[in-house]
Amino acid sequence: MGLFSEESNDATKFVKKMDELYRSNSSYAEIIMKIETPNWKRSLKIKSWSLGNKRSFLRILEPKKERGIATLKIGNKMWNFLPKIDKIMKIPPSMMMSSWMGSDFTNDDFVKMYTFVEDYDFKIVNLKDEKQDNNIVYIECIPKKGRPIVWGKRMLAIYKSSSLPLWEKFYDGKGKLVREMIYKDIKKFGNKEIPSVIELISTTKKGNMTTIIYSDAKFNIDIDKKTFSRKNLRKRI
Amino acid sequence: MIFKIAFRNIFRQKRRTILTALSMLSGFVLSAFFIGFSDGSYSNIINMFTKNKTGHIQIHQKDYLDNPSIYKSISKYQIIFRKFDKIKGIESYTPRIYTSALVSVRDKSAGARIIGISPEFENRTTNFNLNIVKGGKPLSKNNSKETLIGIGLSKLLKTKIGEKVTIVSQGADGAIAYDEFKIIGLIDSGDELADKMAFYIHFMDADKLFSLKGKIHEIAINTKNIRSVDMIKHSISKSINNTELTVATWKEFAKSFYDAMKADQAGMWIMLFIIVLIVAVGVLNTVLMSVLERTREYGVLKAVGTKPKQIFSLVLIEVNIIAIFSVIIGTGIGFILNSLMAKYGYNIPEPISYGGMMIETMKGEVNLRSFVIPAITIFFTASFVGFFPALRAAKIDPAKSMRSF
C-alpha cells in the first residue's frame with residue numbers, strides 16, 4: 001500500500017510538471033512553427049504570451065503575407081485578428097477541433113482548458129511494447145467522467161530524473177492512435193529546462209507534421225493583463 | 001376467306017365486339033397514361049436534380065468525390081472546354097471551385113461551403129440565377145468580392161443583403177486565406193441542407209483567395225438529351241484522354257439518388273403488371289363468352305368441312321383485329337391525354353420533398369415507350385387469352401354442338 005501511494009504521488013508530480021511545462025505562472029516565447037504536408041511546406045515565426053492557464057496570446061511575425069494575424073484566448077473563448085481586413089473573428093465552439101493556422105495543432109490545443117491534475121485520471125503503467133528503461137516512466141491518462149474532452153486516452157513517457165517528457169500519444173474514443181508528440185532538444189531558458197523542439201505527427205493525415213522550435217522563452221515574468229485584450233489584438237506591428 | 005369470316009363475325013355482333021374492344025382500349029389507355037405520367041414525373045425530378053443542380057456529367061480529379069480536398073484539382077480546364085465544342089450532344093458546361101471556410105458577420109460565425117462559380121457559365125448551364133431570392137442580384141460578370149449566400153446560412157449568421165461577411169480558410173499554398181465579401185443576394189435552391197452551407201462567389205475571386213493558380217475542382221456538363229448521357233460521357237473521356245481525371249454521369253456521382261429513382265420505377269412496373277392482368281382477365285372473359293355463344297356456329301362450320309386449324313385461326317384473328325382497332329384508337333386517346341399532362345401537369349395539393357427538392361407539379365411525358373409497351377402487352381394478352389377459347393372452338397364436335405340448341 002505504501003508503495004502504491006508513493007507511486008501515485010510520483011504520477012501526480014509528473015503530470016503536474018507536464019501541466020506547467022510550457023506555461024508556469026506566466027510565459028513569453030518566440031517560436032518557429034514548421035508545417036509540412038504532402039502538398040506544401042511553410043514556416044511561421046510566432047511570439048506568444050501566457051498568463052496562468054486562462055489567458056494566452058499569439059502573434060504571427062512571418063511570413064509577410066500573414067504578418068499581424070493574432071490569436072487571443074481568454075478562458076474557453078478564442079478570437080483571431082485579421083489585419084488585412086481589420087477584423088476580429090470569434091472562433092465558434094464548432095471550430096475548436098479545426099486546425100490552427102493550417103498546422104496539426106487544433107484551436108482546442110491553444111485553449112487547453114483542461115489539466116492532467118484536475119481533469120484526468122492517471123496512473124503509472126507498464127508498456128511492454130515501448131523501450132524498457134529505468135529512467136522512463138509511462139503514465140496513462142484517461143479523461144474524468146463528464147469532461148468534454150475529445151481524447152479517449154493520452155499516454156505520456158517521462159524521464160524520471162528530470163520529469164521532462166519524451167513523448168505523448170493521443171488516442172481517440174475508440175482507442176485508436178490519432179497523433180503523437182515527440183519532445184526533443186532539452187534547453188535551459190532562464191532557470192527552466194524545457195524540450196525546445198516539439199514534433200507533432202498526425203497519424204490520421206499521412207505526411208503531415210508540425211514542428212515547434214522554441215528560440216527564446218521566459219517564465220514567471222511580469223506580463224500586463226492588457227496584453228490579453230481585444231485592443232492588443234488589433235495593434236499593428 | 002377466313003379474314004372475311006372474321007370481319008363478318010366482328011360486325012355481326014356489335015355489342016360483343018364493342019365490349020371486348022372497350023376492355024382492351026381502357027387497358028391500353030390506362031397503361032399508356034400510367035407509363036407516360038410516371039416517366040414524365042421521373043424525368044422532371046431527375047431534371048430538377050441534375051440539369052438544374054449537379055449537371056448530367058461531372059469531371060473531377062480521381063477520387064475527388066470519395067475524399068474531396070482543395071488539392072485534388074483540374075488544371076488547364078480551358079483546354080478541356082475547347083474540346084467540348086467538338087463533342088456532339090453537349091449543351092452547356094460550367095467550372096466550379098469548392099472549399100470550406102469559416103464565415104462570420106459581426107459576432108456570428110458558421111462553417112460554410114465556398115462555391116466558386118462562373119456567373120455566366122453557371123447560369124447558362126443550371127439556370128442558377130433562378131435560385132436567387134427576390135431582392136437579390138446575380139453575381140457580376142467579373143470578380144468583385146460579391147457573394148450570394150444560402151437562405152439557411154443567412155439565417156444562421158443573422159445577416160441580410162448589403163452586409164459584409166468575413167471568410168477565413170486555408171489556401172492551396174497552406175497560407176491563411178481570408179477576405180471580406182459583400183452579400184448581394186440570397187439563394188433558395190430548394191435544397192435546405194445545402195442552403196445552410198452555401199456561399200457562392202465568383203470563381204476568379206476564389207482562385208485568388210485560395211491561391212489555386214487557375215485550377216478548379218469540378219466541371220459540370222449538361223447534355224442535350226439525358227438519355228444519351230453514357231455515350232457522351234464516353235466521348236468526353238476519350239477526348240480529354242487524361243487518366244488523372246474521372247468523368248462520371250449522374251447515375252454514378254448521384255448514385256443514391258439514381259438508386260432511389262430505380263427502386264421507385266420498379267414499383268411502377270409492378271403497378272403496370274397489375275393493370276395488364278386486369279385487362280387480360282377482361283379480354284379472356286369476353287372472348288370465352290363469344291366462343292361459348294357460338295358453339296353451334298362452329299359446329300356448322302365444321303360440318304361443312306372447315307378444318308379445326310382454320311377455326312382456331314378464325315378466333316385468334318377476330319381477337320387480334322379488335323386489338324388492332326383498340327390500339328389505334330387508344331394511341332389517339334393516350335396521346336391527347338399524355339400531351340395534356342405534359343403541358344399542364346397535376347398540381348400536388350401538398351408539395352412533397354424529394355431528395356431535398358420541393359416538388360409541386362407532377363408532369364406527364366409523351367414518349368414512344370408509353371405506347372409501344374401497352375401495345376405489345378395488349379396483342380400478347382389478346383393472343384394468349386384467345387388461345388384457349390380458340391382451342392376449344394377448334395375441338396368442337398359438330399354433331400354434339402348442333403344438337404345443343
Side-chain angles (χ1 to χ4, degrees), chain A residues 33-46 58-72 77-107 204-211 230 233, chain B residues 61-64 67-73 75 99-114 145 147 153 156-159 163-183 196-197 199 201 205 208-213 215 217 244:
Chain A
M33 185 185 264
K34 286 186 178 164
I35 309 167
E36 260 177 70
T37 76
N39 298 293
W40 45 262
K41 249 184 220 182
R42 62 200 205 103
S43 173
L44 302 170
K45 199 170 160 189
I46 300 163
L58 292 106
R59 181 173 272 142
I60 296 177
L61 306 179
E62 280 172 31
K64 217 175 162 188
K65 199 176 164 188
E66 286 152 90
R67 185 178 166 88
I69 296 179
T71 299
L72 167 67
K77 288 184 186 126
M78 220 175 143
W79 297 265
N80 280 341
F81 174 64
L82 307 166
K84 196 170 80 189
I85 52 170
D86 195 33
K87 275 268 157 72
I88 290 173
M89 222 176 142
K90 190 171 179 247
I91 311 286
S94 59
M95 295 288 283
M96 275 304 165
M97 289 318 290
S98 300
S99 148
W100 183 81
M101 301 293 161
S103 69
D104 292 303
F105 287 94
T106 60
N107 288 321
T204 48
K205 283 185 270 173
K206 226 181 155 197
N208 278 33
M209 180 160 123
T210 301
T211 312
R230 283 166 162 251
L233 208 51
Chain B
Q61 200 194 97
K62 232 166 43 190
D63 75 72
Y64 175 88
N67 196 1
S69 135
I70 189 171
Y71 310 110
K72 289 176 191 160
S73 51
S75 42
T99 183
S100 56
L102 179 66
V103 299
S104 66
V105 181
R106 294 181 306 270
D107 61 336
K108 294 264 178 253
S109 302
R113 187 173 199 218
I114 311 295
K145 291 194 186 169
T147 176
L153 185 62
L156 282 177
L157 294 172
K158 294 200 165 72
T159 184
E163 277 193 298
K164 280 188 172 171
V165 193
T166 307
I167 86 174
V168 182
S169 184
Q170 194 176 20
D173 60 349
I176 304 310
Y178 65 94
D179 216 330
E180 265 182 336
F181 284 80
K182 191 180 162 195
I183 302 172
K196 267 186 191 152
M197 301 281 288
F199 193 96
I201 59 176
D205 275 333
K208 216 170 122 194
L209 181 58
F210 300 108
S211 312
L212 284 165
K213 301 198 170 99
K215 289 176 184 148
H217 296 115
E244 283 301 298

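Here is how names work: the chains are called A, B, and so on, in the same order as the sequence lines, proteins then strands, and each is numbered from 1.
Judged by distance alone, with hydrogens and angles left aside, the side-chain atoms of A:Lys84 form a donor-acceptor pair with the main-chain N or O of B:Tyr178 at under 3.5 Å. A side-chain donor-acceptor contact under 3.5 Å links A:Glu66 to the backbone of B:Ile176.
Nearest heavy-atom pair across A:Lys65 and B:Ala175 is NZ-CB, 4.2 Å.
The CD1 atom of A:Ile91 lies 9.0 Å from the OG atom of B:Ser104; values are rounded to the nearest 0.5 Å. B:Thr166 OG1 to A:Asp86 CG: the interatomic distance, rounded to the nearest 0.5 Å, is 10.5 Å. Taking NZ of A:Lys87 as the reference point, atom CZ of B:Arg106 lies at 10.0 Å (rounded to 0.5 Å).
No more than 12 heavy atoms of other residues, nucleotides or ligands shown are found within 6.0 angstrom of NZ on B:Lys215.
Contact of A:Leu44 with chain B is not made at all, since no heavy-atom distance falls under 4.5 Å. No part of B:Val105 comes within reach of chain A, as not one of its non-hydrogen atoms sits under 4.5 angstrom from that chain. Contact of B:Gln170 with chain A is made through the side chain alone, with heavy-atom distances under 4.5 Å.
Interface remark: of the candidates A:Pro63, A:Pro83, A:Pro38, A:Pro83 forms the most heavy-atom pairs closer than 4.5 Å to chain B. Contact tally against chain A (heavy-atom pairs below 4.5 Å) for B:Asp179, B:Asp173, B:Val168: the top residue is B:Asp173.
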